[in-house]
Amino acid sequence: MLTTIKEISAHVGKEVKVGGWLYNKRSSGKIQFLQLRDGTGFIQGILVKKQVSPEVWEQANHLTQESSLYVWGVVREDERAPGGYEMDITNIEVIQIAEEYPIAKKEHGVDFLMDHRHLWIRSPRQQAILRIRAEIIRAIQGFLDENGFTLVDPPVLTPSSCEGTTNLFHTKYFDEDAYLTQSGQLYMEAAAMALNKVYSFGPTFRAEKSKTRRHLIEFWMIEPEMAFVDHEESLKIQEQLVAHTVQAVLANCKQELKTLDRDLSALENIKAPFPRITYDEAVELLHKEGFADFTWGDDFGAPHETKIAESFDRPVFITHYPTEVKSFYMKPDPNRPEVVLCADMIAPEGYGEIIGGSQRIDDPVLLEQRYEQHALPREAYEWYMDLRKYGTVPHSGFGLGLERTVAWICGLDHVRETIPFPRMLYRLYP
RNA sequence: UCCUCAGUAGCUCAAUGGUAGAGCACCCGGCUGUUAACCGGUAGGUUGCAGGUUCGAGUCCUGCCUGAGGAGCCA
């Protein structure tokens, strides 16, 4: 029966058996310090020459970094240990002496680490990030599940673009053309008409040649869609969802945040309600802040978003964008048809847009007009029009980008560390 | 696609146009409380590729390849 390092504190004074890997070793002539990890935590094992058999001592002498082994030892509290506990080793059983491990203890370049991503994820920092990612997913799903949402899975293979704007990954579907999904939203609208409040959680694919710290080719989105919910109510749900998620990470991932050296005060601020400014106000703000030549009607770029976010200590909603820069399905403001009922949520500290959402067009006549204005292939969108013909209702939805959210909460400078095996421009390996 | 920067030992990096080096890792030896342990030693090279200039090129020039950061686009 194995004991995990995570629960080692419950075994003080007793002998336990741990299965793990050696991530470092320091030795003197008559004492060896084995740094062990088992995926649940880290602990140091102490091996004293005159207290173990010559065979055990000799085996330990030949252990290399990342060798796998079973260790028997007596758990002891020790102030000198970073985790508070140590093991006095009584016996070891080597599973495998690892070959020379490529990832050394000193620093490495990004290219090298990305080529060894399958090994890189063993490091404490990467483990912490992946744990927080899992906690974020758990918190988001927990919040939605408890608030009346039903999980619905949209297809990954689709016959055409959902929005028609970005480049899609093309593949064959027997004799037909098919594309990897870039958003499940339109399908989620259909699901909302069946199940009321729904959300999807899955991968999306963008064949964009984007090469920045905020972009991945394959990334994960959470896309809630809500019948009978207007723009204003949707914003409330969004800010509660994000605040809940941040607080869950703060409560459940203290050790991981410490490993990442994350500034906790920046996260503790994140409570609803979030500030809101309209697109008009954002343009004004930019004019005052050194972007004098920004003209009304343009979409914001990354520098603009960062400048706007700097004015707030929590995520900010930018609402009511010009109709022309947004997608065809967004509902115009009844009082001002030149803008739409939409909002982007911009994360603080320069992490950019983490949510994009809107109220959707529910009027079949207006949607027809949009099809024509955007020259959408009618037959591919026939089913979407059906949603407005058979009992249309006001509805809203949004998409939350998981990796940007993880990058922000973890305080990372690049999204490539937020996903186990990032798919990036020109990088498909490992 | 565009702009900027970079490619030298397994890794991280040095090297005025003049004999290619250090630290770490590996291997060998030493050390009874180490915290990226430390000390000594061995070994480790087609300087991204192809041309060019030069008595001489890691260094200068041209082209290409690869990577990084950013832009556009987006979450």
Side-chain angles (χ1 to χ4, degrees), chain A residues 23-35 42-51 57 61-62 64-66 76 78-83 86 88 97-116 119-120 123-124 162-163 165-168 181-185 203-223 298-306 325-327 344-347 350-357 398-408 413-416 418-419 424-427 429:
Chain A
Y23 78 90
N24 197 6
K25 182 178 76 172
R26 302 183 194 91
S27 67
S28 295
K30 300 192 174 79
I31 185 167
Q32 298 187 54
F33 301 95
L34 307 186
Q35 314 293 325
F42 298 83
I43 195 166
Q44 173 167 271
I46 292 94
L47 201 61
V48 178
K49 189 172 187 179
K50 63 184 179 187
Q51 291 172 8
W57 179 260
N61 250 330
H62 292 98
T64 54
Q65 192 181 359
E66 288 303 311
R76 176 167 49 73
D78 196 309
E79 284 184 359
R80 292 169 291 191
E86 293 189 334
D88 289 320
I97 298 292
E99 292 181 32
E100 185 177 346
Y101 192 60
I103 299 186
K105 287 172 280 186
K106 294 227 172 181
E107 73 272 15
H108 291 283
V110 170
D111 186 32
F112 179 83
L113 288 171
M114 291 306 301
D115 281 342
H116 296 84
L119 303 176
W120 187 22
S123 71
C162 281
E163 301 185 16
T165 55
T166 51
N167 298 321
L168 305 183
T181 181
Q182 62 160 351
S183 166
Q185 183 205 312
T204 53
F205 308 87
R206 305 276 166 94
E208 290 284 346
K209 299 209 166 179
S210 298
K211 191 170 165 51
T212 82
R213 66 183 65 196
R214 298 179 306 279
H215 287 88
L216 294 170
I217 301 300
E218 175 183 309
F219 64 97
W220 290 63
M221 279 208 293
I222 291 94
E223 296 186 278
D298 290 346
D299 204 354
F300 300 129
H304 305 121
E305 284 183 355
T306 301
V325 303
K326 287 296 184 182
S327 300
D344 287 350
M345 185 192 289
I346 313 295
Y351 285 96
E353 180 185 347
I354 53 174
I355 288 183
F398 59 95
L400 183 152
L402 178 64
E403 284 74 18
R404 285 188 185 174
T405 304
V406 175
W408 163 51
D413 61 9
H414 202 297
V415 290
R416 65 182 157 225
T418 64
I419 187 167
M424 301 192 300
L425 191 57
Y426 309 130
R427 190 181 282 284
Y429 178 93

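The sequence lines fix the lettering, A, B, ..., with proteins before strands; numbering per chain opens at 1. What's counted below: heavy atoms across the whole structure, side chains too, no hydrogens, waters or symmetry copies.
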Q) Is the distance from OP1 or OP2 of B:G69 to the nearest side-chain N or O of A:H414 less than 4.0 Å? A) yes

(Q) Within the 4.0 Å heavy-atom criterion, would you say A:D344 contacts the bases, only the backbone, or no part of the nucleic acid? (A) nothing

Q: Over 60° means perpendicular and under 30° means parallel, so classify the ring planes of A:F112 and A:H116, tilted if in between.
A: tilted

Q) Once each nucleotide of nucleotides 27-34 of chain B is scored for protein heavy atoms under 4.0 Å, what B/S/- sequence comes out, 5' to 3'? A) S---BBBB

Q.
Base, sugar-phosphate or nothing for A:F219? Non-hydrogen atoms, less than 4.0 Å.
A. base

Q.
Nearest whole Å is fine: how far is B:G69 P from A:H215 NE2?
A. 13 Å

Q.
Please enumerate all residues that pass salt bridge (Lys or Arg N to Asp or Glu O under 4.0 Å) together with A:R76, with sequence neighbours excluded.
A. A:D78, A:E86, A:D88

Q | Contacts of A:Q32 that satisfy side-chain contact (heavy atoms from CB on, under 4.5 Å) - sequence neighbours left out | A | A:K25, A:S27, A:L34, A:L47, A:W57, A:A60, A:N61

Q | Watson-Crick or G-U stems of RNA chain B, 3 or more pairs, under 3.5 Å, by first number | A | B:1-7 with B:65-71, B:10-13 with B:21-24, B:27-30 with B:38-41, B:48-52 with B:60-64

Q.
With rounding to the closest Å, how many angstrom separate the P atoms on B:C11 and B:C26?
A. 15 Å

Q. Just checking A:R427: base, sugar-phosphate only, or nothing, at a heavy-atom cut-off of under 4.0 Å?
A. sugar-phosphate

(Q) If I take atom CG in residue A:D413 and atom P in nucleotide B:G69, what distance separates them, rounded to the nearest angstrom? (A) 8 Å

Q: Please identify each residue that fulfils ring pair (Phe, Tyr, Trp, His ring centres under 6.0 Å) with A:F219, with sequence neighbours left out.
A: none

Q: Name the residue closer to the 5' end of RNA chain B, choosing between A:P102 and A:G352 according to the nucleotide with the nearest heavy atom.
A: A:P102

Q: Nearest whole angstrom, please: distance from the P of B:U66 to the CZ of A:F112.
A: 20 Å

Q. Considering residues at least two apart in sequence or located in another chain, which fulfil the salt bridge (Lys or Arg N to Asp or Glu O under 4.0 Å) criterion with A:E403?
A. A:R133

(Q) Taking B:U4 as the reference, what is the distance to B:C64 when you measure between their P atoms (whole Å, please)? (A) 14 Å

**Q.** All salt bridge (Lys or Arg N to Asp or Glu O under 4.0 Å) counterparts of A:D298, not counting sequence neighbours
**A.** none

Restricting to nitrogen or oxygen on both sides, can you table the protein-nucleotides 3-6 of chain B pairs closer than 3.5 Å?
none

(Q) Give the residues of residues 399-407 of chain A touching RNA chain B, defined as any heavy atom closer than 4.0 Å, sorted by residue number. (A) A:R404

Q.
Donor-acceptor pair, distance only, cut-off 3.5 Å: does the side chain of A:R404 make one with the backbone of A:Y351?
A. no

Q. Can you find a heavy atom in the side chain of A:I103 that is under 4.5 Å from one in the side chain of A:S123?
A. no

Q. Which value, in whole Å, describes the distance between the C1' atoms of nucleotides B:U42 and B:C27?
A. 8 Å

Q: When you get a sec, tell me which of B:C11, B:A75, B:G72 is the closest nucleotide to the side chain of A:E353?
A: B:A75

Q. Hey, is the side chain of A:S210 pairing donor to acceptor with the base of B:C73 inside 3.5 Å?
A. yes

Q.
What's the closest nucleotide to the side chain of A:K211 if the choices are B:A36, B:A68, B:G72?
A. B:A68

**Q.** side-chain contact (heavy atoms from CB on, under 4.5 Å) partners of A:T64, counting only residues at least two apart
**A.** A:S67, A:I97, A:A98

Q | Span that lies between the C1' atom of B:G18 and that of B:A43, in whole angstrom | A | 28 Å

Q. Heavy atoms under 4.0 Å, any strand shown: does A:Y101 hit a base, just sugar-phosphate, or nothing?
A. nothing

**Q.** Which residues share a salt bridge (Lys or Arg N to Asp or Glu O under 4.0 Å) with A:R416, sequence neighbours left out
**A.** none

(Q) Please report the distance separating the C1' of B:G21 from the corresponding atom of B:A14, rounded so that it comes out in whole Å. (A) 7 Å

Q: Considering non-hydrogen atoms only, spot the tightest contact between A:Q35 and A:R26 and give its length.
A: NE2-NH1, 2.7 Å

(Q) Nearest to the A:E100 side chain among B:G67, B:G69, B:A25, which nucleotide is it? (A) B:A25

(Q) Please confirm whether the shortest side-chain N or O distance from A:R416 to OP1 or OP2 of B:G69 is below 4.0 Å. (A) yes

Q: Provide the distance between the two P atoms, one in B:A15 and one in B:U54, to the nearest whole Å.
A: 27 Å

Q. Taking the same atom, C1', in B:G48 and in B:A68, what whole-Å distance lies between them?
A. 15 Å

Q: Report the residues that fulfil side-chain contact (heavy atoms from CB on, under 4.5 Å) with A:L425, sequence neighbours left out, ordered by chain and then residue number.
A: A:K209, A:K211

(Q) Using the C1' atom as the point on both nucleotides, what is the distance between B:C38 and B:C5, in whole Å? (A) 38 Å

